[in-house]
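Comments concern the structure below.
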Amino acid sequence: MNNTIKQILGTALTQLGWDQHAPVIVTKTKNAEHGDFTSNIALVLSKHVGLPPMKIARKIHDAIIDSEVTRIEVAPPGFINFYIASDFTETIKKIINNDSDFFRPNIGENKAVYLEYVSANPTGPLHVGHGRSAAYGSSLAKILSSTGFKVHTEYYVNDAGLQIDVLTTSLWLRILGLTPPKGCYTGDYLVNLPTKPEWTTAVPQILESLLQKWNEETATDLTPKLIQLCKDALGKHYDEAKQWIVHEITTQIKQDLKQFGVEYDHWFHESSLLDNNELEPVLDLLSQQDVIYEKEGAQWFKSTKHGDEKDRVIKRSNGVWTYFATDLAYHHKKLSNPNTQVLDIFGADHHGYTPRIKSGIKALGHDEQNFKTILIQFANLYRGKTKISMSTRQGQFVTLENLYKEVGVDAARYFYCMRKSDQHLDFDLELAKQNNNKNPVYYIQYAHARIKSILAKNGQYIPSSKHFLHPSDTEVELLDALAEYPTVLIKTAQRSEVYQWTQYCYRIATHFHRYYNNTQILSDDSQERYHRLLICFLTAQCLSKALENLGINAPESM
RNA sequence: GCGCCUGUAGCUCAACUGGAUAGAGCAUCGGCCUUCUAAGCCGAGGGUUGUAGGUUCGAGUCCUACCAGGCGCGCCA
């Protein structure tokens, strides 16, 4: 319809000789008093043509040969408003037939999207901070799939690097019955694990003095010594213990996410890149581009060449690859197919990392258009008015598992997604648990349950567009909202803004509750009853599909 | 200190990316159940969009400065 109006305007402008100045923009109005569609073209042309906007608008108005449009009005300061007679029968048929143009509009055209999200280090259980990425990422995956993208989801497991050594060392200290010092992983989750007896070594003498020293000075550079001590003590069992604890924690994370409605196509291990020697070729490639140099025994990448604020080490002076090196190889691998879009969802604290990886991708010759990062701001957890601290260091954080067990998966997922991802989010545990109108999740689910209850009460109802009569005002509003389904879904997908979809779900629910209170669905008049049952049916269809895109249940009863 | 993000009703957030009278929910106050789920609906009050300039037909949205808050600035990941 939008394009039809553009064409109508276009021909009018050609006739007036004003078609060269600016592109015609037609938008949906927010206010019904302004018609259904509006164009600001007269305002834009004003300067070029040298006439006041209202005059231009009237000339355009007069030049339009009216066809599908029922009414055209000119409104100050110079808008041209179009009124369209709404016809819902097409929409109704599409919803009844579960039409894919309506519920799964294909804008992706099967383009591959690699979506990486959460990817928390396997050094402890997921906490509430990870929940937002999990809920957001998995919802986005569903939304992108619903719009014709071929989505491939991955969790990047950081199972190489220093932190894993710290983790292994922390485990070892726990096995010895000691409390790991700060800087190590001090959480209780490392206590009483079913470890192997051979990992219980004798406590080395220097260990105690080392720990003592640690508590006195606040030095952090004692970590390598501690790790070395652990390696020496465990000997050949060190790697075994390391792999075991990573596997143990990863398994736990996997289970947590699964219960939270999050599953991945692939769990990609950082260590596999090292095992398969995939880093040297990347370094060679970069060297050929002349963006690698040696300084103080380390290999540096000139990331400043493509916008980073300083150059980065890619291989340390001790010969060990940095995290950046493996991550770059990982992205290189994903981007090897030029028709693939790579999407990374980062915690907002990683925003400084983006220029670095972008720079690397450019240097490797990839199209930067194919790579995009989405930043997720932190969620502040509240219990009523009280803010709950989630400091990971002290190991006193609220785990994701505790959260969804307390408030439920549906409420948790909705709350995590209800705000713009790059905005801070206040997550109120008390509110998420409440079963009333304060809680948007229940409000939406209640609308669906109400419909199901009515349909059940009526007995069998087979929907048909033939049941549709002339709609009332509240019905028109509701149907307008339902008809928006594909448009809103496309917008949500294009902008990767999941919160738009949560708002859409809420909007459908609002219109339905209003309608329900205003209208007796199960009327004695059978024609009227079928018409109203049809509208209920359509609403339930849209609601359940919409909630599915967020991984939230549409309950039959509540 | 430098860089990125944010500042909108008492609170939490929108505003379709520069459009018309800045909108929702919560909280507050007032109405609606002998009828399909009141976990609902209807109504009222509440604003100098952090401050000061600028850009133009038109600014919450763009540019500059300042104020306030968050995050980042390792041969960590």
Side-chain angles (χ1 to χ4, degrees), chain A residues 25 27-31 33-34 38 40 42-47 52-54 75-79 81 119-121 123 158 160-164 166 220 223 270 295-300 309-310 312-318 320-324 326-327 347-355 375 377-378 380 382 385 418-420 422-426 428 431 434-447 449-458 487-488 491 495 497 499-500 503 506-507 509-510 512-523 529 532-533 536 557-558:
Chain A
I25 294 169
T27 49
K28 272 196 82 172
T29 56
K30 4 181 174 182
N31 190 335
E33 286 172 30
H34 302 141
T38 185
N40 63 350
L43 292 156
V44 178
L45 285 178
S46 173
K47 201 169 189 178
M54 282 301 281
F79 289 100
N81 297 333
S119 300
N121 298 331
T123 53
N158 300 134
L162 187 66
Q163 52 166 352
I164 298 302
V166 175
T220 47
T223 319
E270 182 186 7
K295 192 176 93 182
E296 293 161 6
Q299 301 284 320
W300 293 71
E309 56 186 15
K310 59 175 90 163
R312 310 289 172 175
V313 170
I314 200 158
K315 197 174 192 178
R316 299 185 184 93
S317 49
N318 63 7
V320 178
W321 297 100
T322 58
Y323 167 83
F324 172 57
T326 47
D327 199 32
D349 56 335
H350 279 59
H351 73 253
Y353 184 71
T354 309
L375 295 177
Q377 273 293 352
F378 290 118
N380 295 317
Y382 288 83
K385 297 261 179 198
M418 71 195 283
R419 301 293 178 223
K420 245 184 210 163
D422 58 0
Q423 295 283 354
H424 288 277
L425 167 77
D426 285 348
D428 185 346
L431 181 58
Q434 286 179 30
N435 296 352
N436 57 34
N437 61 350
K438 288 181 198 170
N439 187 335
V441 190
Y442 284 89
Y443 180 86
I444 297 165
Q445 291 185 319
Y446 184 47
R450 265 184 157 174
I451 295 170
K452 288 295 172 179
S453 162
I454 296 167
L455 291 172
K457 185 149 188 161
N458 178 73
T487 324
V488 179
K491 194 168 74 182
R495 299 184 187 176
E497 286 177 336
Y499 81 97
Q500 303 243 9
Q503 288 187 351
Y506 193 87
R507 192 155 74 241
T510 299
F512 178 75
H513 285 309
R514 193 173 295 162
Y515 174 53
Y516 177 91
N517 270 273
N518 172 285
T519 316
Q520 178 72 23
I521 309 296
L522 298 177
S523 162
R529 187 166 73 244
R532 290 171 186 172
L533 282 168
C536 288
S557 67
M558 287 170 79

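Below, chains carry the letters A, B, ... as their sequence lines are ordered, and counting in each starts from 1. Note that the structure is a prediction, hence the values are computed from the model and not measured.
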Quick one: [X] [atom1] to [N] [atom2], roughly how many Å, whole number?
| X | N | atom1 | atom2 | result |
| --- | --- | --- | --- | --- |
| I454(A) | G40(B) | CD1 | P | 15 Å |
| Y442(A) | C41(B) | OH | C1' | 21 Å |
| I164(A) | C76(B) | CD1 | P | 15 Å |
| I314(A) | C75(B) | CD1 | C1' | 12 Å |
| R450(A) | U35(B) | CZ | C1' | 13 Å |
| R316(A) | C76(B) | CZ | C1' | 8 Å |
| D426(A) | G10(B) | CG | P | 17 Å |
| N517(A) | G31(B) | CG | P | 18 Å |

In whole Å, what separates the [atom1] atom of [N] from that of [M]?
| N | M | atom1 | answer |
| --- | --- | --- | --- |
| A14(B) | A24(B) | C1' | 7 Å |
| U21(B) | U28(B) | P | 33 Å |
| G53(B) | C13(B) | P | 29 Å |
| C29(B) | G72(B) | C1' | 47 Å |
| G43(B) | U35(B) | P | 23 Å |
| G45(B) | U34(B) | C1' | 34 Å |
| U49(B) | G10(B) | P | 13 Å |
| C57(B) | G1(B) | P | 39 Å |

State which of [options] makes the closest approach to the side chain of [X].
| X | options | value |
| --- | --- | --- |
| R419(A) | G74(B), U12(B), C5(B) | U12(B) |
| K420(A) | G74(B), C57(B), A15(B) | A15(B) |
| T322(A) | G40(B), A77(B), C36(B) | A77(B) |
| F79(A) | G19(B), A14(B), G40(B) | G19(B) |
| Q520(A) | U35(B), A14(B), A77(B) | U35(B) |
| Y446(A) | A38(B), G19(B), C41(B) | A38(B) |
| E309(A) | C41(B), A20(B), C73(B) | C73(B) |
| W300(A) | U37(B), C75(B), U12(B) | C75(B) |
| K457(A) | A77(B), C36(B), G40(B) | C36(B) |

Flag for [Y]-[X]: side-chain donor and acceptor within less than 3.5 Å:
| X | Y | answer |
| --- | --- | --- |
| T123(A) | Q163(A) | no |
| H424(A) | R419(A) | no |
| Q500(A) | E497(A) | yes |
| D422(A) | Q377(A) | no |

Where does U49(B) land, syn or anti, given syn is within 90° of 0?
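U49(B): anti glycosidic orientation.
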Going by the glycosidic torsion and a 90 degree boundary from 0, is the base of C71(B) oriented syn or anti?
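C71(B): anti.
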So, is Y499(A) near the phosphate of A15(B), with a side-chain N or O under 4.0 Å from OP1 or OP2?
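So the side-chain polar atoms of Y499(A) do come within 4.0 Å of the phosphate oxygens OP1 or OP2 of A15(B), strictly under.
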For the aromatic rings, using the six-membered ring if either is Trp, is the centroid distance between F512(A) and Y446(A) under 6.0 Å?
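Ring-ring flag for F512(A)/Y446(A): false, centres at least 6.0 Å apart.
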Base, sugar-phosphate, or nothing: which does [X] touch, judged by heavy atoms less than 4.0 Å apart?
| X | answer |
| --- | --- |
| E296(A) | base |
| A449(A) | base |
| T510(A) | nothing |
| Q163(A) | sugar-phosphate |
| L162(A) | sugar-phosphate |
| A298(A) | base |
| T27(A) | nothing |
| T487(A) | nothing |
| K295(A) | base |

Check the geometry between F378(A) and G70(B) and answer yes if their rings are stacked (centres below 5.5 Å, planes below 30°), otherwise no.
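The ring of F378(A) is not stacked on G70(B).
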Stacked pair H351(A)-G72(B), distance under 5.5 Å, angle under 30°:
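No.
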Between [atom1] of [X] and [atom2] of [Y], what distance do you get to the nearest 0.5 Å?
| X | Y | atom1 | atom2 | result |
| --- | --- | --- | --- | --- |
| R450(A) | S453(A) | CZ | OG | 9.5 Å |
| T322(A) | D327(A) | OG1 | CG | 9.5 Å |
| E296(A) | R316(A) | CD | CZ | 15.0 Å |

P77(A) versus M54(A): any side-chain heavy-atom pair under 4.5 Å?
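They are not in side-chain contact.
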Side-chain donor/acceptor contact of [X] with base of [N] under 3.5 Å:
| X | N | value |
| --- | --- | --- |
| T29(A) | A20(B) | no |
| N81(A) | A20(B) | yes |
| S453(A) | C36(B) | no |

In the strands shown, is [N] matched to any nucleotide by a Watson-Crick or G-U wobble pair with both distances under 3.5 Å, and which?
| N | result |
| --- | --- |
| G7(B) | C67(B) |
| U55(B) | none |
| G1(B) | C73(B) |
| U28(B) | A44(B) |
| U17(B) | none |

For RNA chain B, whose closest nucleotide is more 5', that of E270(A) or that of P77(A)?
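Its nearest nucleotide being more 5', the pick is P77(A).
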Residue closer to the 5' end of RNA chain B, R514(A) versus H350(A) (nearest nucleotide)
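Checking each residue's closest nucleotide, the 5'-ward one belongs to R514(A).
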Would you call the rings of Y323(A) and Y353(A) parallel, tilted or perpendicular, taking 30° and 60° as the class edges?
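Ring orientation of Y323(A) relative to Y353(A): tilted.
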